[in-house]
**Q** 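First the structure, then my questions, so here it is.
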Amino acid sequence: MKTIPYWLAGLIGVCIACAAAAAEAPPARPLSLPELTAIALRNHPDTRIAWATLAQSQAAERIARAGWWPTITASYSAQRSRSIASGGTEVPAQTRYGPSVSLSYLLFDFGTRGGSIERAAAERMASEFSLNQTLQDVVLAVESSYYTVIGSAALADASQQALDEAQANLDAARTKHAAGLATIADVYQAEAARAAAQLTQQRAQGDYRIAQGALAGALGYSPATPLQLVDWVPEQAAIERPAQSLGELLDRARRARPELLAAQASEQAASAAVRAARGNALPTLRLNGSAGQTRIVDRGSSEQYSAGLSLSVPLFQGFALRAAIDDARASLDSARASTEALRLTVEQQVWSAYQAVDTAYGNLDASRVQLESAERAAEAIRARYKNGLSSILEVLTTESTLAQARVARIQAFLDWYLALATLAHDAGGLHAAVDSPDTGALP
């Protein structure tokens, strides 16, 4: 089974989406799972929000790094003034004008500037990991909705088949009753069974429509948006358990889960914030310089230059500096605890997803045996009923068992694909088949 990395598809797709002002309409043709995923990564608002958040953090990092550079300001002034000398004598008006340039450069600050830059860089890394997690969440939502639609369609078909069989049983009961070979009670029982089958069929159709709306929403469309999906291929691919052990998947999740990596980056940002807060309570050394020229009309010009060092020592600010350090340390403690709590959550998710995959794998074989046995039993009972050797109650009971077996078989496949997708997501990576339908078929 070929696989493609969806984070790469998302990177390309979302870059295109950032330039789009409105969501594109879905193609008017059957779509496979990879095509649906590509549409969601281009179209879903969550991806655009994540990209915008990343752009903001990148800009914030560039702003922080600007602290390593001097600040240079150019100005140009013009002034006309007149003054009155002592004794009431008027002095002629003067017109002054000229340019000036000033420079200010922070030479040393005991870590405030460096801490701010490290914090911005760590926050940018956290945004990158959060973007990756958002893309994977969108992919999982599409996969889950896709398999739910496929499963709901199969359940609707199975319920329709059960309804057809219930109608056939009712027709047979009426025929035998007309021939005097069955009682009216047989007809009533068959009618009740048909009504129950019709009720189930209507519910299945409603669930199918709900699943279609959920899939459209996962793509970023209105629930009423019509979507066409490729048909399942009759052949069924081999069903195999994941090659990695539970321990390997847990280790992979700790290393690769973007959400956990983002939390670790946020912890680094909090640590840098502590360093910056400490630096604010220490002296700073700054270089200042200026140069300018002033021209006086009819009198000539003069030039001014200045350069110097300034040392600023914070002595007292109402205990605000100490409070800022305590606040930064508390934020760091909170970030560390949040990372640990998230690690435990990730491990629990991987554990649960692995157990779900293991259970779903066993259910596949059990549901196959159940369906095969129910089909043989139903076939035998129908033949006995035609020959007058079985009652209508036996037929209806067997048909009900067969309908339940069909639903169990479909649900087993649906649980299998959903469990696999969830495990891949929780372990820190998502892959899907290039030609999705031939990964397996619902019977």
**Q** Taking the six-membered ring for Trp, are Trp416 and Tyr361 parallel (under 30°), tilted (30 to 60°) or perpendicular (over 60°)?
**A**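 The rings of Trp416 and Tyr361 sit tilted, inter-plane angle from 30° to 60°.
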**Q** Test of understanding: with salt bridge (charged side-chain N to carboxylate O under 4.0 Å, His left out), list the residues that count as partners of Asp365, not counting sequence neighbours.
**A**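 Here the qualifying residues are Arg368.
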**Q** Side chains of Leu261 and Met125: does their closest heavy-atom pair fall under 4.5 Å?
**A**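 Contact flag for Leu261/Met125 side chains = no.
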**Q** Nearest heavy-atom pair of Ala40 and Val138: which atoms, and what distance?
**A**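 Taking Ala40 first and Val138 second, the nearest heavy atoms are CB-CG1, 3.8 Å.
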**Q** Test: side-chain hydrogen bond (donor to acceptor under 3.5 Å, both in side chains). Region: residues 307-328. Which pairs qualify, not counting sequence neighbours?
**A**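 Every side-chain hydrogen bond (donor to acceptor under 3.5 Å, both in side chains) pair that includes a residue of residues 307-328, provided the two are not neighbours, is Asn288-Ser310.
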**Q** Under a plain distance cut-off of 3.5 Å, with no hydrogens placed, do Gln198 and Arg194 share a side-chain donor-acceptor pair?
**A**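 Judged by distance alone, the side chains do pair up.
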**Q** Ignoring hydrogens and geometry beyond distance, is a side-chain donor-acceptor pair present between Gln349 and Thr345 at under 3.5 Å?
**A**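 On atom types as modelled, these side chains do not qualify, holding no pair under 3.5 Å.
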**Q** What I'd like to find out is whether the side chain of Leu33 reaches to under 4.5 Å of the side chain of Tyr147, using heavy atoms alone.
**A**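 Of all side-chain heavy-atom pairs linking Tyr147 with Leu33, at least one is under 4.5 Å.
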**Q** Treating Arg275 as the side-chain partner and Phe110 as the backbone partner, does any N or O pair qualify as donor plus acceptor under 3.5 Å?
**A**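 Here the side-chain-to-backbone pair does not exist.
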**Q** Could you check whether any side-chain N or O of Ser145 sits under 3.5 Å from a backbone N or O of Val142, counting only pairs where one atom can act as donor and the other as acceptor?
**A**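 No: the side chain of Ser145 does not pair with the backbone of Val142.
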**Q** Determine, step by step, whether Ser75 and Ser100 satisfy the side-chain hydrogen bond (donor to acceptor under 3.5 Å, both in side chains) criterion, reporting the C-alpha distance in whole Å, the side-chain angles of both residues, the deciding distance to 0.1 Å, and the verdict.
**A** CA-CA 5 Å; Ser75 61; Ser100 63; 2.7 Å; yes
**Q** Would you check if Thr284 and Leu311 make a side-chain contact, meaning some heavy-atom pair closer than 4.5 Å?
**A**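 No, every pair of side-chain atoms sits at 4.5 Å or beyond.
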**Q** Looking only at atom types and distance, does a side-chain atom of Thr225 sit under 3.5 Å from a main-chain N or O of Ser222, one as donor and one as acceptor?
**A**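 Yes.
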**Q** Checking Thr401 side chain against Thr397 main chain: does a donor-acceptor pair fall under 3.5 Å?
**A**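 Between the backbone of Thr397 and the side chain of Thr401 there is a qualifying donor-acceptor contact (under 3.5 Å).
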**Q** Look up atom CG in Asp164 and atom CD in Gln201, then write down how far apart they are to the nearest 0.5 Å.
**A**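 Output value for this atom pair is 9.0 Å.
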**Q** Taking atom types as modelled and ignoring hydrogens, do the side chains of Gln268 and Arg119 form a donor-acceptor contact shorter than 3.5 angstrom?
**A**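 Distance-only check fails for Gln268 and Arg119.
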**Q** Is it true that Arg254 and Glu347 make a salt bridge, defined as a side-chain N closer than 4.0 Å to a carboxylate O?
**A**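 Counted as a salt bridge, because a side-chain N and a carboxylate O are separated by less than 4.0 Å.
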**Q** Where the side chain of Ser400 meets the backbone of Leu396, is there a donor-acceptor pair that is under 3.5 Å apart?
**A**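 The answer is no, because no donor-acceptor pair under 3.5 Å joins these two groups.
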**Q** Whether the side chain of Arg257 engages the backbone of Asp426 through a donor-acceptor N/O pair (distance < 3.5 Å, no angle test) should be reported.
**A**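 Checked: pair present.
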**Q** So, for Ala197 and Ala162, which heavy atoms are closest and what is the spacing to 0.1 Å?
**A**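 Distance-wise, the nearest heavy atoms are CB-O, 4.2 Å.
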**Q** Among residues two or more places apart or on two chains, list those pairs meeting ring-ring contact (aromatic ring centres under 6.0 Å, His included) that have a residue in residues 291-341.
**A**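 Passing the test, one end in residues 291-341: Phe316-Phe319.
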**Q** Taking atom types as modelled, find out whether Glu128 and Asn132 have a side-chain donor-acceptor pair closer than 3.5 angstrom.
**A**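 No, no side-chain donor-acceptor pair sits under 3.5 Å.
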**Q** Could you report the tightest heavy-atom contact between Arg96 and Ile296, atom names first, then the distance?
**A**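 Looking at all heavy atoms of both residues, the shortest contact is NH1-CD1, 3.4 Å.
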**Q** Looking at Glu165 and Arg406, what are the two nearest heavy atoms and their distance?
**A**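 In terms of heavy atoms, the two residues are closest at OE2-NH2, 2.7 Å.
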**Q** Could you give me the CA-CA distance, side-chain angles and deciding distance for Ser302 and Thr294, then say whether side-chain hydrogen bond (donor to acceptor under 3.5 Å, both in side chains) is met?
**A** CA-CA 5 Å; Ser302 63; Thr294 302; 4.7 Å; no
**Q** Is Glu35 salt-bridged to Arg29, cutoff N-O under 4.0 Å?
**A**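 Salt bridge between Glu35 and Arg29, a charged N being under 4.0 Å from a carboxylate O: yes.
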**Q** Once side chain to side chain donor-acceptor pair (under 3.5 Å) is applied, do any residues pair with Ser127, and if so which ones, sequence neighbours excluded?
**A**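 Checked Ser127 against side chain to side chain donor-acceptor pair (under 3.5 Å); matches are Ser57.
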**Q** So, Ser373 side chain and Gln370 main chain: donor-acceptor pair closer than 3.5 Å or not?
**A**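 The answer is no, because no donor-acceptor pair under 3.5 Å joins these two groups.
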**Q** Donor-acceptor pairs are to be reported for all side-chain atoms of residues 205-216 against protein atoms at under 3.5 Å, with residues two or more places apart or in another chain.
**A**
| from | atom 1 | to | atom 2 | distance (Å) |
| --- | --- | --- | --- | --- |
| Tyr208 | OH | Gln212 | NE2 | 3.0 |

**Q** On a heavy-atom basis, which atom in Leu423 and which in Pro242 lie closest, and how many Å separate them?
**A**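 Closest heavy-atom pair between Leu423 and Pro242: CD2-CG, 3.8 Å.
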**Q** Minimum heavy-atom separation for Ala154 to Ile410, with atom names?
**A**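 The answer is O-CD1, 3.4 Å.
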**Q** State whether the side chain of Thr112 and the backbone N or O of Gly279 hold a donor-acceptor pair below 3.5 Å, judged by distance alone.
**A**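 Yes.
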**Q** Can you give the donor-acceptor pairs under 3.5 Å from side chains of residues 334-341 to other protein atoms, not counting sequence neighbours?
**A**
| from | atom 1 | to | atom 2 | distance (Å) |
| --- | --- | --- | --- | --- |
| Ser338 | OG | Ser334 | O | 2.9 |
| Thr339 | OG1 | Ala263 | O | 3.3 |
| Thr339 | OG1 | Glu267 | OE1 | 3.3 |
| Thr339 | OG1 | Ala335 | O | 2.9 |
| Glu340 | OE1 | Arg343 | NE | 3.2 |
| Glu340 | OE2 | Arg343 | NE | 3.4 |
| Glu340 | OE2 | Arg343 | NH2 | 2.3 |

**Q** If we ignore hydrogens and angles and just use 3.5 Å, is the side chain of Arg409 paired with the main-chain N or O of Leu371 as donor and acceptor?
**A**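 Answer holds: no.
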